[in-house]
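Notes to accompany the following structure.
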Amino acid sequence: MLQIAALRTAYDKGELTPAQLVEEVLGRVAAYADPAVWISRVADVDVRSRAAALTADPTAPRLPLYGIPFAVKDNIDAEGLDTTAACPAFAYRPRQSATVVQRLLDAGAILIGKTNLDQFATGLVGARSPYGAPRCVFDDRYVSGGSSSGSAVAVAAGLVSFALGTDTAGSGRVPAGFNNLVGIKPTRGLLSTTGVVPACRSLDCVSVFAASAGDACDVSKVAAGFDVTDAYSRRGAAHPLPSRGLRFGILLPADREFGGDAEAEALYDSAIARLTALGGEAIPFDYGPFREAASLLYGGPYVAERLAPIREFFGAHAEDMDPTVRDIIGAANAFSAADVFSAQYRLQALIRVTAPEWQRFDVMLLPTSPTIVSIEALAAEPVRLNSLLGTYTNFVNLLDLCAIAVPGGFRASNGLPFGVTLIAPAFADTALAGVADRLHRGLGEGAGLSREALAASPLVT
């Protein structure tokens, strides 16, 4: 794993230069067996030129992401590369990079390429793309998770240090869970979405995949910041979390859904036990209202927001789209404007109903996903299994919460990873990263393909 803290140490000691590192990275990319990870790549000569310029600049080592290789989900603009949203008929060449990408470049990071995704960021499986289906790094018979599939695989396979994804319904968390990574879904508006192809514009977040909460938090801090060009960008006071006596909400037995995956449920119990051993107090709560909020995202008129940004394209090119994605987005035509307002009213009522729970506990600890599914099983039931994977993710943006997914262990029967997610009120991002880091280290499952202990120092917030 190309952990940021470890690379910084090597650079500081003179043991490594960006020019040397990119040769290793380009070699790994060329050798990696899954051809579906990338949609487009920065030309090798340009990657080398960028690294050489950083190496030659005596002031560059002071940059916060000096010489750190990264990837970008291909619904986020990067100057010089087409943005496709995994739909060739939709592709365009942006005039400039998205705000978040430019901030990372300005901080010294090195872009390697654009990664695959569920088309128009519609899916949690990573298999709805004409560019292929990136596979779980531990077993290519299983999905990588979506929609930010290629971004998660690129990090988990050690091809880059971090990657940007997006997260509307869980796309920055489910792929992290399926590939043994940390995935940050920030507070809405904390990272600009200017230059991002919208899925649901009012809910979209740019997410970050990395090997540790510290790495992901460092990247998020560089990428974050108010952006006047983004109507949904916002500022907010940091929401604190207690340094001791953390109370964390857990599922009641009646609310547990693991799709028959007993090992996943046991790993969830292990994460509860570990967070308790770290000084937390488990508080069971009624997940029902949160589940109802989650159902609004795909089970009602909120799907109309997925149609809004591509309505003209959809009208002219529906046949050029993935059939499952086309059917999901096309369902928007069944709803009226009155239906949309009714759903908004119900969501506002659920916000009021769920708000008192945050007086009972400080964070939630939930499974990132109930289970993981095979490519074969998904082909037989593409919609039902996709919905199952979002059981514990879909409500988070609707209720204006932040979340961090962390590795939660491995199933003994098949060696596949399981993840858990910590969820907190808006603007608790930095404090939540500290809790996530302690839990990740306490569970001791490494990151990505590596089962070794994390190289970075524990995150202090």
Side-chain angles (χ1 to χ4, degrees), residues 39-40 42 63-65 68 70-87 90-115 117-122 147-148 150-151 162-169 171-172 183-210 216-236 302 305-314 396-398 400 402-403 426-427 429:
I39 290 180
S40 63
V42 177
L63 295 171
L65 295 176
I68 305 299
F70 75 109
V72 173
K73 183 178 181 178
D74 198 20
N75 62 339
I76 304 173
D77 290 346
E79 186 178 1
L81 297 173
D82 286 351
T83 299
T84 72
C87 183
F90 179 79
Y92 65 90
R93 180 62 62 95
R95 290 177 292 179
Q96 61 187 24
S97 295
T99 300
V100 288
V101 174
Q102 192 58 54
R103 285 175 175 167
L104 297 171
L105 293 170
D106 291 344
I110 301 173
L111 179 62
I112 303 302
K114 305 287 290 295
T115 52
L117 64 150
D118 279 323
Q119 192 174 83
F120 291 110
T122 301
S147 62
S148 308
S151 290
F162 71 90
L164 297 184
T166 58
D167 189 312
T168 303
S171 298
I184 285 185
K185 189 229 70 79
T187 296
R188 289 187 342 228
L190 198 63
L191 274 65
S192 170
T193 56
T194 293
V196 177
V197 178
C200 294
R201 177 79 190 282
S202 66
L203 302 175
D204 293 341
C205 297
V206 173
S207 61
V208 179
F209 297 98
C217 192
D218 285 351
V219 171
S220 294
K221 287 178 179 178
V222 170
F226 185 77
D227 181 4
V228 69
T229 68
D230 176 8
Y232 286 93
S233 182
R234 58 181 179 154
R235 303 181 179 95
Y302 271 90
E305 192 169 13
R306 290 189 177 269
L307 177 62
I310 62 166
R311 182 163 45 184
E312 184 176 336
F313 174 84
F314 188 89
V396 175
N397 279 340
L398 286 164
D400 196 16
C402 63
F427 297 106
D429 303 74

Please confirm whether the backbone N or O of [Y] pairs with a side-chain atom of [X], one donor and one acceptor, at under 3.5 Å?
{"X": "S233", "Y": "D227", "value": "yes"}
{"X": "R93", "Y": "G80", "value": "yes"}
{"X": "S97", "Y": "E79", "value": "yes"}

**Message:** Using side-chain contact (heavy atoms from CB on, under 4.5 Å), reason through F427 and R234 one step at a time and then give a plain yes or no.
**Reply:** CA-CA 10 Å; F427 297 106; R234 58 181 179 154; 4.0 Å; yes
Do [X] and [Y] have side chains that get closer than 4.5 Å, going by heavy atoms?
{"X": "I39", "Y": "L117", "value": "yes"}
{"X": "D77", "Y": "V101", "value": "no"}
{"X": "L81", "Y": "V72", "value": "no"}
{"X": "L104", "Y": "F162", "value": "yes"}
{"X": "Y92", "Y": "V197", "value": "yes"}

**Request:** Start with the C-alpha distance between V219 and I68, add both sets of side-chain angles, then the distance that settles side-chain contact (heavy atoms from CB on, under 4.5 Å), and finish with yes or no.
**Result:** CA-CA 10 Å; V219 171; I68 305 299; over 6 Å; no
**Prompt:** Do D204 and T193 have a side chain donor and acceptor closer than 3.5 Å?
**Reply:** no
**Asked** Between D429 and T187, do the side chains contain an N or O donor and an N or O acceptor separated by less than 3.5 Å?
**Response** yes
Indicate the atoms forming the closest heavy-atom contact of [X] with [Y], along with that distance.
{"X": "G108", "Y": "L63", "answer": "CA-CD1, 3.8 Å"}
{"X": "G195", "Y": "A98", "answer": "O-CB, 3.7 Å"}
{"X": "T115", "Y": "G150", "answer": "CB-C, 3.5 Å"}
{"X": "A163", "Y": "S151", "answer": "CB-O, 3.5 Å"}
{"X": "A78", "Y": "P94", "answer": "O-CG, 3.8 Å"}
{"X": "A216", "Y": "I184", "answer": "CB-CD1, 3.5 Å"}

**Pair R201 + D230, salt bridge at N-O below 4.0 Å** = yes
**Prompt:** Who pairs with D118 by side-chain hydrogen bond (donor to acceptor under 3.5 Å, both in side chains), at least two apart in sequence or on another chain?
**Reply:** none
Nearest 0.5 angstrom please: [X] [atom1] to [Y] [atom2], how far?
{"X": "F70", "Y": "L65", "atom1": "CZ", "atom2": "CG", "answer": "8.5 Å"}
{"X": "C87", "Y": "Q119", "atom1": "SG", "atom2": "CD", "answer": "4.5 Å"}
{"X": "T194", "Y": "I76", "atom1": "OG1", "atom2": "CD1", "answer": "12.0 Å"}
{"X": "T83", "Y": "N75", "atom1": "OG1", "atom2": "CG", "answer": "8.0 Å"}
{"X": "L398", "Y": "Y302", "atom1": "CG", "atom2": "OH", "answer": "6.0 Å"}
{"X": "D74", "Y": "T84", "atom1": "CG", "atom2": "OG1", "answer": "3.5 Å"}

**Message:** Going by salt bridge (Lys or Arg N to Asp or Glu O under 4.0 Å), name the residues that satisfy it together with R103, two or more places apart in sequence or in a different chain.
**Reply:** none
**Complete:** The single option from S171, S148, S207 that satisfies side chain to side chain donor-acceptor pair (under 3.5 Å) with K73 is S148
**Fill in**
From the list T168, N397, D167, side chain to side chain donor-acceptor pair (under 3.5 Å) partner of K185 resolves to N397
**Prompt:** Heavy-atom count around R311 CZ within 6.0 Å, excluding the residue itself: above 12?
**Reply:** no
**Request:** List in chain and number order the residues that pass ring-ring contact (aromatic ring centres under 6.0 Å, His included) with F313, two or more places apart in sequence or in another chain; answer none if no residue qualifies.
**Result:** F90, F120, H317
